[in-house]
Asker: 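Have a look at this one before I ask anything.
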Amino acid sequence: MIRTRFAPSPTGFLHIGGARTTLYNWLFARRHRGTFVLRVEDTDEARSTEDSVTAILDSIRWLGLDWDEGPLPMVSGGGTPSPETPGSGSPVDLGRDRGPYGPYYQMKRIELYQKHVRQLALAGLVYPCYCAKEELDAMRKAAVAQKRPAIYDGRCRKLTDRQKAEHEASGRKPSWRFSMPKEGETAVDDLIRGRVSFDNRLLQDLVVQKAAGGPTYNFACVVDDHHMAITHVIRGDEHLSNTPSQLQLYAALGWEAPKFAHLSMILGPDGSKLSKRHGAASVLEYKAAGFLPAAMRNYLGLLGWSTTDSRQLFFGDELVEAFDLAGCQKNPAVFDQAKLTWMNGEHLRKLGHDELMRHAEPFLEAAGLVGPLDPPLDKTVALEGEKCRLLADIPGRVDFFYKDVEFTEKAMAGVLKRPGVKEMLLDVAGLLEAAQPFAEKALEEKIRGYCEARALKTSQVFHPLRAALSGRTEGPTLFGMIEALGRGKSVGRLRAAAALL
RNA sequence: GGCGUGUUCGUCUAGCGGCCUAGGACAUCGCCCUCUCAAGGCGAAGACCACGGGUUCAAAUCCCGUACACGCCA
């Protein structure tokens, strides 16, 4: 049974890189009918916040990635979360979690970590270190200056009992360091990179327990992955260098290590690690900008992974079915918002009408377009929705149905202020007043007939009509627009425009 | 500074020794379709496969070195 996990530190929002890591873990678990676990690594008390936990879980849910074990995502009841629901309004029930390997918040597992430090102490694999931060810094500096590797020299390893007692007497609290083997090498068999070997002499005696009693990242991570029965650790490239040390910890504790897969980094357009400087870095910002979770998944899925046929678009469960660690890229990838935007348009067009409306609603509302309206939003969004690339583009394409016509420069000077337009507008207004039925097809016939009768080119008529009705030179198909607008508004707008000419 | 990883069109990538005068996608440009916009169709431009050496009848593909980028130690 395959078990994967995503283990965020709640010290900020979920950024693009984290989102992709989550996605790959989720895809891999789902692909192999395994279990996807979420664990909150909140041992950095100074920087961890509840708001971050909420923001991160919200982001993951918005992406449509549900987890089987971890923090409880619903306010009440044990029901399954419905991650596809846009808005993800229900707040996370902080502190509660579910699953057989909990708790899933590291702060609640402190005793477990300490227990295993004691286990290592009993085996003589761990020793107290009384070095102060300043000493450590000085050591490191000296090492770099002498072009030696900047690792702890292990001076506390050989402390006598008397020296330890002296330190204790002076009130110093020790951290605990793991005695790393100093010979041979440690190889990581990475699922993406293949075998990567590290010289053990370069592995430093890492701290497993801080003086304050809390675990360090590398130790807690090992203990938790073991106790949570994680089989595949899929994580960012930045952890590859930590892996040999972790492997030694697994061995010392007598545990079998999981398999590892290290993902390449995501870069900004300038080649540096993607961050706020490059614009939106938080996935919630993409939600706000009008991107669809499905498009986000599709794009992120392809950032650093591909199929041999270079397929671009994946809908529904297709990503889950196709995903494979073997297709993962070793080299870093630059995040390209233009491509994401294109993909979003493709996904938007794939949406059914009801789904489109559901996703568009918050954006329409934000623009003050709240139903019931005349013409119904249903109708106008159906006319224009599929032309958009972002949900946030929709209001701007339909708002002219609802507010007073404002003429763009191009519409007024370029299209309306032309000889004969005024008369034509009034003629058509008359036509519309009498049109029966007031429906797209019939209206088109009628107006085309008018063009023929007056020997006018359709473009000479259609363009000014659109400009007069909407104030713009681009928009919905003319007759669909007239039908939606209705007889009253259409006639009114044509006459009003004519009056300005 | 040490160690590790990486380097194919502007970007994401295909490619696992001959099919490569390097394929696809986004972006760009042009044409077509068309009542506009969008979508769609067709096409163009864009990569001496980071660089330098090898191995081989044959290398983007294998080996070595260099450069650069990124990561970890921090």
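Labels below follow one simple rule: chain letters A, B, ... track the order of the sequence lines, proteins then strands, and each chain is numbered from 1.
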Asker: Would you confirm whether the ring centroid of A:Phe6 sits within less than 6.0 angstrom of the ring centroid of A:Tyr24?
Answerer: no

Asker: Between A:Arg5 and A:Asp225, which heavy-atom pair has the shortest distance, and what is it?
Answerer: NH2-OD2, 2.8 Å

Asker: I need the CE-C1' distance between A:Met139 and B:G2, as an integer number of Å.
Answerer: 17 Å

Asker: Checking base pairs now: Watson-Crick or wobble, both atom distances under 3.5 Å. What partners B:G10?
Answerer: B:C26

Asker: Taking atom C1' in both B:U28 and B:C72, compute the distance separating them and give it to the nearest angstrom.
Answerer: 39 Å

Asker: Salt bridge check, A:Arg201 against A:Asp199: does any charged N sit closer than 4.0 Å to a carboxylate O?
Answerer: yes

Asker: Would you confirm whether A:Asn25, through its side chain, and A:Ile234, through its main-chain N or O, come within 3.5 Å as a donor-acceptor pair?
Answerer: yes

Asker: More than 12 non-hydrogen atoms from neighbouring residues, nucleotides or ligands closer than 6.0 Å to NZ on A:Lys350, yes or no?
Answerer: no

Asker: Both distances under 3.5 Å, Watson-Crick or G-U wobble: report the partner of B:G65, or none.
Answerer: B:C51

Asker: Which pairs, with at least one residue in residues 387-434 of chain A and sequence neighbours excluded, count as a ring pair (Phe, Tyr, Trp, His ring centres under 6.0 Å)?
Answerer: none

Asker: What one-letter contact string describes nucleotides 40-50 of chain B from 5' to 3', where B marks a base within less than 4.0 Å of any protein heavy atom, S marks contact via sugar-phosphate atoms alone, and - marks no contact?
Answerer: S----------

Asker: Looking at A:Glu361 and A:Arg358, is any side-chain nitrogen of the basic one under 4.0 Å from a carboxylate oxygen of the acidic one?
Answerer: no

Asker: For the P atoms, the ones on B:C49 and on B:A59, what distance do you get once it is rounded to whole angstrom?
Answerer: 12 Å

Asker: Could you measure between the two P atoms, the one in B:A60 and the one in B:C9, and give it in whole Å?
Answerer: 15 Å

Asker: Produce a footprint string for nucleotides 13-22 of chain B: one letter per nucleotide, 5' end first; B if the base is under 4.0 Å from any protein heavy atom, S if only the sugar-phosphate is, - if neither.
Answerer: SSS-------

Asker: What integer distance in Å separates A:Gln337:CD from B:G10:C1'?
Answerer: 16 Å

Asker: A:Asp336 and A:Tyr299: side-chain donor and acceptor closer than 3.5 Å?
Answerer: no

Asker: Per the ring pair (Phe, Tyr, Trp, His ring centres under 6.0 Å) rule, what does the pair list look like for residues 177-199 of chain A, sequence neighbours excluded?
Answerer: none

Asker: Rounding to an integer number of Å, can you tell me how far A:Arg311 CZ sits from B:G24 P?
Answerer: 18 Å

Asker: Could you tell me how far apart A:Met343 (CE) and B:C26 (P) are, to the nearest whole angstrom?
Answerer: 9 Å

Asker: Between A:Arg193 and A:His463, which is nearer to the 5' end of RNA chain B once each is assigned its nearest nucleotide?
Answerer: A:Arg193

Asker: Taking A:Asn344 for its side chain and A:Leu340 for its backbone only, find out whether a donor-acceptor pair lies under 3.5 Å.
Answerer: no

Asker: Scan A:Val126, A:Val223, A:Val222 and name whichever one has a side-chain contact (heavy atoms from CB on, under 4.5 Å) with A:Val208.
Answerer: A:Val126

Asker: Does anything in residues 384-394 of chain A come within less than 4.0 Å of RNA chain B? Heavy atoms only, and list the residues if so.
Answerer: A:Lys387, A:Arg389

Asker: Just by distance, no angles: are the side chains of A:Thr186 and A:Asn200 close enough, under 3.5 Å, to form a donor-acceptor pair?
Answerer: yes

Asker: How would you list, by chain and number, every residue that makes a salt bridge (charged side-chain N to carboxylate O under 4.0 Å, His left out) with A:Lys133, sequence neighbours excluded?
Answerer: A:Asp137

Asker: Roughly, in whole Å, what's the span from CG in A:Leu465 to C1' in B:C35?
Answerer: 10 Å

Asker: Should A:Arg193 and A:Asp237 count as an ion pair when the cut-off is N to O under 4.0 Å?
Answerer: yes

Asker: What is the base-pairing partner of B:A45, counting Watson-Crick and G-U wobble geometry with both distances under 3.5 Å?
Answerer: none

Asker: Write down the distance separating the P atoms in B:G43 and B:C26, rounded off to the nearest Å.
Answerer: 14 Å

Asker: Find the distance A:Leu267:CG to B:G10:P and express it as a whole number of Å.
Answerer: 16 Å

Asker: Scan residues 409-430 of chain A for pairs that pass salt bridge (charged side-chain N to carboxylate O under 4.0 Å, His left out), counting only residues two or more places apart or in two chains.
Answerer: A:Asp427-A:Arg454

Asker: Would the distance check show the side chain of A:Asn298 and the main-chain N or O of A:Phe315 forming a donor-acceptor pair, the cut-off being under 3.5 Å?
Answerer: no

Asker: Look for any protein N or O under 3.5 Å of an N or O in nucleotides 71-74 of chain B and output each such pair with its distance, or none.
Answerer:
residue	atom	partner	partner atom	Å
B:G71	N2	A:Ser241	OG	3.4
B:C73	O3'	A:Gln204	NE2	2.6
B:C73	O2'	A:Ala150	O	3.0
B:C73	O2'	A:Gln204	NE2	3.3
B:A74	OP1	A:Gln204	NE2	3.3
B:A74	OP2	A:Gln204	NE2	3.3

Asker: Atom CZ of A:Arg195 and atom C1' of B:U5: how far apart are they, to the nearest Å?
Answerer: 17 Å

Asker: Considering only heavy atoms, which members of residues 173-191 of chain A lie under 4.0 Å from some atom of RNA chain B?
Answerer: none

Asker: Mind checking the P distance from B:C33 to B:A47? Whole angstroms is fine.
Answerer: 32 Å

Asker: Any side-chain hydrogen bond (donor to acceptor under 3.5 Å, both in side chains) involving residues 462-486 of chain A? Give me the pairs, sequence neighbours left out, ordered by first then second residue.
Answerer: A:Lys379-A:Glu483, A:Asp399-A:Arg472

Asker: Applying salt bridge (Lys or Arg N to Asp or Glu O under 4.0 Å), run through A:Asp205 and A:Arg155 and close with a yes or a no.
Answerer: CA-CA 10 Å; A:Asp205 287 353; A:Arg155 60 180 61 172; over 6 Å; no

Asker: Distance check, P atoms only: B:C12 and B:C48, in whole angstrom units.
Answerer: 16 Å

Asker: Is the shortest distance from a Lys or Arg side-chain nitrogen in A:Glu321 or A:Arg311 to a carboxylate oxygen in the other one below 4.0 Å?
Answerer: no

Asker: Near RNA chain B, which residues from residues 466-491 of chain A have a heavy atom under 4.0 Å away?
Answerer: A:Arg466, A:Thr473, A:Glu474, A:Gly475, A:Pro476, A:Thr477, A:Leu478

Asker: How close do A:Ala322 and A:Thr307 get, heavy atom to heavy atom, and via which atoms?
Answerer: CB-CG2, 4.5 Å

Asker: Taking the P atom of each, how far is B:G24 from B:C63, in whole Å?
Answerer: 29 Å

Asker: Please report the shortest heavy-atom distance between A:Arg235 and A:Cys221, naming the atom on each side.
Answerer: NH2-SG, 3.8 Å

Asker: Any strand counts, and the cut-off is 3.5 Å on both contacts for Watson-Crick or G-U wobble. Which nucleotide pairs with B:G2?
Answerer: B:C72

Asker: Hey, does A:Trp305 have a side-chain heavy atom less than 4.5 Å from the side chain of A:Arg20?
Answerer: no

Asker: When you compare B:A69 with B:C51, how far apart are their C1' atoms, in angstrom units rounded to a whole number?
Answerer: 15 Å

Asker: Quickly work out the A:His262 NE2 to B:G4 P distance and round it to whole Å.
Answerer: 15 Å

Asker: What does the list of N/O pairs under 3.5 Å between the protein and nucleotides 60-67 of chain B look like, with a distance for each?
Answerer:
none

Asker: Does A:Thr216 reach the main-chain N or O of A:Val207 with its side chain, forming a donor-acceptor pair under 3.5 Å?
Answerer: yes

